Amino acid sequence: MKLIRVDMTSQQVHAEEVPSRYAGIGGRGLTTEMINAEVPPACDPMSPENKLIFAPGILSGTSAVNTSRISVGAKSPLTGTIKESNAGGKIAACLGKLGITAVAVEGQAPEGRLFQLVIDGSGRASLQDAAAYKGMRTYALTEKLYDVHGAQNTLMCIGPAGEHGLKSASIQTTDVDDRPCRAAGRGGLGAVMGAKGLKAVVVNTEGKSPDAVADPETFQKAAKTLARAIQENPFTGQTLPELGTAGLVSAVNSLGAFPSLNATQGVFTGWEKISGETMAEVIRKRGGKNKHRGCSQCIIQCSNEYVDDKGGYMTASLEYETIWSMGGMTGIDDLDTIARLDFLCDDIGLDTMNTGIALAVAMDAGYKSFGDARAAIDMLEEIAAGTEMGLILGNGPAAVGKHFNHHRIPAVKGQGIAAYDPRGMQGNGVTYATSTMGADHTAGNLIGQYLGKQLDPLSAEGQVEASRSAQIAMAALDCTGLCMLAASALNSSDAAEAMVSLLSAKTGTSLGKDVMTEMGKRVLKTEREFNRRAGITREEDRLPRFFREEPLPPHNRVFLVEDEDLDQVYKF
Amino acid sequence: MITVTVYLYGTLPRRFEDYDPKQGYPVALDQGADISDLLGHLGFARENVAPVINGIIADRGRKLADGDRVRLFQPVQGG
Ligand code: SF4
């Protein structure tokens, strides 16, 4: 139950007991609570007043499977809202095993200084100079840091994009193979880390002082039930291990909701070449890895290792959203190029989604042609080099649209949408418009309900209610540390009960069956409150006009949910 | 008789040794057959699969016409 506070201004680090007002919460619940209490809502996100909070989930560091998600929170320079972006890898489980509930990075290092935060096997944290790593890309940096600190560590770090303070900058973290390929991608949190003067966080993986589980027997029983549910669920037990999230390419194209060529088409001509089925086959033939474990304690293994035609490593893991943003949106129908773009984003420290959309807006505005692979790679290199155009591209789709005076900017509150077009999946549009985070599919995605025919994706009816429930459920899930994909198995009543038991047994409180809903509502209300105080109004809970005005082929629908109905999402 | 072409996704193609993803899987059915009949024919009657025709998720009672292309998906969540 340790909270580590790192003051970048004075370079003082101190550990304290978690104050009672933050007790019993974790992940997004904790980052949100701390930011709302400690960060002035109107502050400049790049100023010393902002705080960058790292918080593993409530269950991270326990024996429960798939619980190594770390939440990173701050006020976002991209959206101007409160932000939580979470990542997998090993770091959440490792912090949990050290008994660390959160790390709060505060203040700002003196101009030109760069530091790394090192947390050793007994949980002691110290700031060390990192001037030698200035400007380094994440793969080279990772290699260097493992040389210096040893293999018994896991990392979070930024690349050149974060150091340049770009609004699409990610924070990368190492996977189980120690590659910096997992990302807290959204919201430009890498820029906040860069502004603080923090290049990397190094965490020992051999911690043996996790917080005690209050009722270990009940916990073990529930953990087994959860693991069984994940194995028996067809999506988590079969589809994800075989195809990863890339399996969605076929489904969403077949439903006509795959925003392509900067959201002017709902089916990408050539999607079969970049589908999950094709990708898995290419990886298999070339001797890469499907069914790859990306994160600690994962029994699903949705990750993959994509290799070139000689079997050489290209990237890990190639995922649905990236295949879409770097493929469908830019018109590039070649998996090798998409893999290269994915690698470059991880290496430079960029959100693949926001960056792919930025490239697509530039192409749509006539700066380059759709489908031009060389141009896409060159544009990423410009971002890394920090050229004038690179800085515009690295600040995301809104900055690019403004530069070219182009109207079609698929973003809400500055953050690019995800791989589900609001005109083909209306409820996902409701989530993009109203999420406290800007456009964000992980805030409440309804694809499962559409494919299950519980909801018509093309009509306005029922979308507000469905999005509201999904947003509440996701806000709660983001507190627990459980991977969103694993959470797909919570739809059985056994698994949902097991989840409540796990939380009760861990925290030593008897929680009711509605605990998840209550937790989700509390988190969303706190985030809304912060955003309101930051000056965000309901006029910003809207999709860009073109979604209402330009019908999307093949269904030729526009976004149909009325503004007044969008304003009902937070009525709970 | 009518013939419809079935395209399989996810891990479904594994169940059919001769399945070719480019050609799809041709299935001959009686005139008036519906999606339920097709799923029964393929051995998917009791399974949770989503049939998609022309970009729309079809009901099990939807009648099939000669030449229809039916895409079959397993349940998914977001990613
Ligand atoms: S399913 Fe994928 S994202 Fe989730 S824990 Fe496993 S490897 Fe990580």
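Not measured: the values here are computed from a predicted model. Here is how names work: the chains are called A, B, and so on, in the same order as the sequence lines, proteins then strands, and each is numbered from 1.
For a residue to count as touching a neighbouring chain, one of its non-hydrogen atoms must lie under 4.5 Å from one of that chain's; by this rule A:Leu451 touches chain B with backbone and side chain alike. Within the 4.5 angstrom heavy-atom criterion, atoms from both the backbone and the side chain of A:Gln238 approach chain B. Neither the backbone nor the side chain of A:Leu446 comes within contact range of chain B, judged by heavy atoms closer than 4.5 Å. With a threshold of 4.5 angstrom between heavy atoms, B:Phe73 approaches chain A through side-chain atoms but not through N, CA, C or O. B:Asn54 touches chain A through its backbone: at least one of N, CA, C or O sits under 4.5 Å from a heavy atom, while the side chain does not. Neither the backbone nor the side chain of B:Arg69 comes within contact range of chain A; no heavy atom of the residue lies under 4.5 Å from a heavy atom of that chain.
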**Request:** Could you check A:Glu277 against B:Tyr9 for side-chain contact (heavy atoms from CB on, under 4.5 Å), going step by step and ending with a plain yes or no?
**Result:** CA-CA 7 Å; A:Glu277 288 81 5; B:Tyr9 298 95; 3.3 Å; yes
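Within a 6.0 Å radius of CD in A:Glu461, other residues, nucleotides and ligands contribute 12 heavy atoms or fewer.
Using modelled atom types, no side-chain atom of A:Lys453 and backbone atom of B:Asp59 make a donor-acceptor pair closer than 3.5 Å.
Between the CG atom in A:Asp456 and the CD1 atom in B:Ile56 there is a gap of 7.0 Å [rounded to 0.5 Å]. For the atom pair B:Thr11 OG1 and A:Leu240 CG, the distance stands at 11.0 Å (nearest 0.5 Å).
Looking at A:Ser254 and B:Arg71, their side chains come closer than 4.5 Å, going by heavy atoms from C-beta outward.
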